[in-house]
Amino acid sequence: QVQLVESGGGSVQAGGSLRLSCAASGKTDVPMCMGWFRQAPGEGREGVAIFYTLDSSTYYADSVKGRFTISRDNAKNTLYLQINSLKPEDTAMYSCAADFTPCAVLPVQSVASYKYAGQGTQVTVSS
């Protein structure tokens, strides 16, 4: 079993920045595929950033390219999401997900593809 706990969310003004963290515990192996997802009220869950462990490559949704950066610290078993130039439309519950299957064989943009997911951390951006 793997437990994922997100932190770092909050209320910020447009143009501000946040750094979200997702701490993984319960298993020593490093997940092969990890990602950040967000869900705004009344909307479906959107995959915003994915980290491919095999080659450390990344994927970003078009809506966040150039503003979001996903990274991982294997020593701390923690996934990060640096969010800059926040916009009101970034307001959502942000959660992380992980799987031990390589990203290349997963539909990575669907959170249902991942075996493990956290509860989320709320990000609220005011104009």
Side-chain angles (χ1 to χ4, degrees):
Q1 271 301 76
V2 172
Q3 292 79 42
L4 302 174
V5 179
E6 300 92 339
S7 61
S11 297
V12 297
Q13 290 192 325
S17 299
L18 285 173
R19 187 195 195 202
L20 308 184
S21 299
C22 170
S25 62
K27 199 167 182 177
T28 56
D29 295 343
V30 177
M32 299 302 289
C33 192
M34 297 189 75
W36 283 100
F37 296 80
R38 68 183 181 185
Q39 187 167 22
E43 302 287 334
R45 200 171 298 192
E46 175 190 19
V48 296
I50 310 297
F51 189 93
Y52 293 63
T53 297
L54 285 179
D55 60 3
S56 297
S57 62
T58 56
Y59 158 85
Y60 296 97
D62 288 343
S63 56
V64 307
K65 279 181 183 176
R67 300 187 299 120
F68 288 23
T69 303
I70 189 171
S71 62
R72 193 171 74 189
D73 185 331
N74 288 340
K76 295 182 179 180
N77 218 0
T78 300
L79 185 75
Y80 300 100
L81 186 68
Q82 178 68 40
I83 309 175
N84 298 327
S85 303
L86 277 158
K87 304 176 180 180
E89 51 264 43
D90 293 320
T91 295
M93 180 68 76
Y94 285 72
S95 60
C96 64
D99 201 285
F100 290 91
T101 302
C103 291
V105 298
L106 289 177
V108 295
Q109 296 179 51
S110 171
V111 70
S113 302
Y114 299 77
K115 186 172 183 179
Y116 306 101
Q119 294 298 308
T121 184
Q122 178 68 36
V123 172
T124 302
V125 185
S126 57
S127 57

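Here the side chain of T78 pairs a donor or acceptor atom with the backbone of K76 at under 3.5 angstrom. Remark: side-chain polar atoms of T53 are paired, donor with acceptor, to backbone N or O of P31 under 3.5 angstrom. Counting only distance, with no hydrogens or angles, the side chain of Q13 and the backbone of S127 share no donor-acceptor pair below 3.5 Å. Using modelled atom types, no side-chain atom of S95 and backbone atom of G120 make a donor-acceptor pair closer than 3.5 Å. Under the 3.5 Å distance criterion, the side-chain polar atoms of S21 are left unmatched by any main-chain donor or acceptor of S7. W36 contributes a side-chain N or O that, together with a main-chain N or O of Y80, makes up a donor-acceptor pair within less than 3.5 Å.
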In residues 82-89, what donor-acceptor pairs under 3.5 Å come from side-chain atoms, sequence neighbours left out?
unit_1 : atom_1 : unit_2 : atom_2 : d
Q82    : NE2    : N84    : OD1    : 2.9
N84    : OD1    : S17    : OG     : 3.0

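With values rounded to the nearest 0.5 angstrom, Q3 atom CD is found 11.5 Å from C22 atom SG. Distance SG/C96 to CZ/R72: 11.5 Å, rounded to 0.5 Å. Note that OG of S56 is 11.0 Å distant from CD1 of I70, once rounded to the nearest 0.5 Å. Taking CG of L81 as the reference point, atom OH of Y60 lies at 7.5 Å (rounded to 0.5 Å). Atom SG of C103 and atom OH of Y59 lie 12.0 Å apart (nearest 0.5 Å). Taking CD from E6 and CG from L79, the interatomic distance works out to 9.5 Å, rounded to the nearest 0.5 Å.
Each salt bridge (Lys or Arg N to Asp or Glu O under 4.0 Å) pair with one or both residues in residues 39-60, not counting sequence neighbours, appears once here: R38-E46.
Under the 4.5 Å side-chain criterion, counting only non-hydrogen atoms from C-beta, L4 is not in contact with Y114. Under the 4.5 Å side-chain criterion, counting only non-hydrogen atoms from C-beta, F37 is not in contact with Q109. At least one side-chain heavy atom of I50 sits less than 4.5 Å from a side-chain heavy atom of C33. Under the 4.5 Å side-chain criterion, counting only non-hydrogen atoms from C-beta, D90 is in contact with R67. Inter-residue side-chain proximity for V123 and L20 is flagged as met; some heavy-atom pair is nearer than 4.5 Å. M32 is listed as a side-chain neighbour of L54, based on a closest heavy-atom distance under 4.5 Å.
Both F100 and F51 are assigned to one and the same hydrophobic cluster, defined by single-linkage of ILVMFWY side chains at heavy-atom distances under 4.5 Å. Residues V48 and Y52 are members of separate hydrophobic clusters, defined by side-chain heavy-atom contacts under 4.5 angstrom among Ile, Leu, Val, Met, Phe, Trp and Tyr.
Partners of T124 under the side-chain contact (heavy atoms from CB on, under 4.5 Å) rule, at least two apart in sequence or in another chain, are S11, T91, Q122.
Between D99 and S113, the shortest heavy-atom contact is OD2-O, 3.5 Å. In this structure, T121 and G9 approach most closely via the heavy-atom pair OG1-N, 3.0 Å.
Ring pair Y94/F68 is tilted by interplanar angle, where 30° to 60° counts as tilted.
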